[in-house]
Number of protein chains: 2
Amino acid sequence: MADEGATSIWMQPEGHERSGPGRRPGYSREQITRTAVRIADAEGVEAATMRRIAGELGTGAMSLYRYVPRRDDLFDLMIDLAMSGIELPDGPSGDWRGDLTLLGRRIRAVGLRHPWLIALLTSRPTLGPSLLRVHEFALGAFSGTGLDIDDITGFVGMLNDYVHSAIRREIGWLEEARRTGLDPERWKRDYMGPYVRQVVESGAFPLFNRSVLDSRTAHLAPEERFRHGLDRILDAIAALIPSLCSP
Amino acid sequence: MADEGATSIWMQPEGHERSGPGRRPGYSREQITRTAVRIADAEGVEAATMRRIAGELGTGAMSLYRYVPRRDDLFDLMIDLAMSGIELPDGPSGDWRGDLTLLGRRIRAVGLRHPWLIALLTSRPTLGPSLLRVHEFALGAFSGTGLDIDDITGFVGMLNDYVHSAIRREIGWLEEARRTGLDPERWKRDYMGPYVRQVVESGAFPLFNRSVLDSRTAHLAPEERFRHGLDRILDAIAALIPSLCSP
DNA sequence: CTCCATTTGCGTACATGGTACCTGAATGGT
DNA sequence: ACCATTCAGGTACCATGTACGCAAATGGAG
């Protein structure tokens, strides 16, 4: 074979669909990816090791390498499988705000269902087909506004940035607690709590203190807080669309 | 000792400043952190292993554990050391746009100088003193605008989100190329290029195609592109500040 | 049916990582 | 001079990704 693994995983077909001689494959890329996702959902992405995935499938670790070139490529496949769970209308509805609100909520839903997703997604440049589909839908939401493609890309970027970091804020400390082995309540009270309390009581950062103590949105339910932030981003975008602001 | 490592690294002093009996320490937390940062800058954060850092200091890996409870805590220290390199005025100047532009450029500078910084920073909730100082400056930039603390927090978040993801876009693929062992030019041409070309030529994602092919900002110098995006975010924020829009 | 090139299954092995544990050396108070 | 205390760092353990090699399965050619 020429240059195995020297190109993107999306350029390498499974290769198990010829009809020549040789033993029939007993597994599949999708089956392996699904297993990895299931393990990562339940115990974190660091639990989805090659041996563990293979064990779950009843085979040896090295068998997986007949289907996936490297572990990093498996991450790309996991990301794309998770993103494929986002159901979207076939095209934009004409109501860009409604479309993007829907998209934001769907992304949040998969981000919570797969707590490893956002961390992987933002840790490496990846462009799987499902991600492209989602991205295309986001771009399409602005297609009726007469905006420049650069402006559209920028707005979609702003939205993505917000959605990703909001999800990270929502689950980041939970994941960190899990990684350190403490239960979340204990982590908040014994691990992070004392330090934040010390910082607050020192009075060295008065505005930080206000953002911790005087916040009204901090007491909202997570979904409400997400929606509130998303609305602000959409407000900001609306304020910058000339055809809506100064026609 | 009671509960070593059961609390944040920022709550655990070095402990090497008593005057009782016992051997004098030969190293320091800061020295170890500086060494780790130097290695990570040159060869990536994955090269900054405990053994490697210790070797660079001429000692054994286990000696480091007298100064740092876990490797993850060392990451927190590295993040904070890098952030401490950001020089800022003592307080806000009154020109919030100018202050935040300055801050954005400074963060970009350290993000490029330490290509591992943004990835670490966004991969775990950490709140070191230097990060707090920078955050407080960002919050302070809005202090003269009469805004609600929740609004200020939201705007600072928007800005942070943009700055972080812009830096990631700028260096993310370079880092990925280094991780896979290819030189950047080869990675772009042989690894990612063919896939993007295939996607473009398939015509399946017309708006994605336009964002790749018809972009004007894509041909700007990196710093210009960063400034342009930052200006758009600041425009968006300005448009949402009621005291500037509808007083 | 028999052979054989081809492909998969997977055990073995290696390099590398974090870090628990232990011994010995250094140090300052009594 | 003794000794509790603290640091240096070697050894060891376990987990990880994955290179390599061989046996088993498979379907076409004769």
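Within every chain, numbering begins at 1; the chains are lettered A, B, ... in the order of the sequence lines, protein sequences first and strands thereafter.
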Please give, in whole Å, the distance from D:dC7 C1' to B:Ile32 CD1? 12 Å
Side chains of A:Arg70 and B:Thr180: is there a donor and an acceptor less than 3.5 Å apart? no
Rounded off to whole Å, could you give me the CZ-to-C1' distance for the A:Arg70 and D:dT16 pair? 16 Å
Integer-rounded Å distance: D:dT18 P and A:Leu64 CG: 11 Å
According to the interplanar angle, ranging from 0 to 90°, do the rings of B:Phe208 and A:His135 count as parallel (below 30°), tilted (30 to 60°) or perpendicular (above 60°)? perpendicular
With side chain to side chain contact (heavy atoms under 4.5 Å, CB included) as the criterion, how do A:Trp116 and A:Asp41 come out once you've worked through the C-alpha distance, each side chain's angles and the decisive distance to 0.1 Å? CA-CA 7 Å; A:Trp116 43 269; A:Asp41 287 349; 2.7 Å; yes
Taking atom P of C:dG9 as reference, at what distance in whole Å does atom CG of A:Leu57 sit? 11 Å
A:Gln31 atom CD is separated from C:dT8 atom C1', nearest whole Å, by 14 Å
Rounded off to whole Å, could you give me the CZ-to-C1' distance for the B:Arg24 and C:dG28 pair? 8 Å
OP1 or OP2 of D:dA8 under 4.0 Å from side-chain N/O of B:Tyr67: yes
Looking at B:Phe226, is B:Arg108 sitting on its ring face, NZ or CZ under 6.0 Å from the six-membered ring centre and within 45 degrees of the normal? yes
Please confirm whether the shortest side-chain N or O distance from B:Arg71 to OP1 or OP2 of C:dG18 is below 4.0 Å. yes
Quiz question: by atom type and distance under 3.5 Å, do the side chains of B:Arg168 and B:Thr122 form a donor-acceptor pair? yes
Give the nucleotide from the list C:dC10, D:dG10, C:dC22 with an atom nearest to the side chain of B:Arg66. C:dC22
Give the intermediate values and the outcome of side chain to side chain contact (heavy atoms under 4.5 Å, CB included) for residues B:Ile167 and B:Ile107. CA-CA 9 Å; B:Ile167 295 172; B:Ile107 294 178; 4.1 Å; yes
Expected list for residues 41-56 of chain A near DNA chain D, using heavy atoms below 4.0 Å, is A:Thr49, A:Met50, A:Arg51
Verify the neighbour count for atom CZ of B:Arg186: are there more than 12 heavy atoms of other residues, nucleotides or ligands below 6.0 Å? no
Options D:dG17, D:dA19, C:dT8, nucleotide nearest the side-chain atoms of A:Met62: D:dA19
Please report, rounded to the nearest Å, how far the P atom of D:dG21 is from the OH atom of A:Tyr65. 17 Å
Atom CZ of B:Arg23 and atom P of C:dT27 are separated, to the nearest Å, by 7 Å
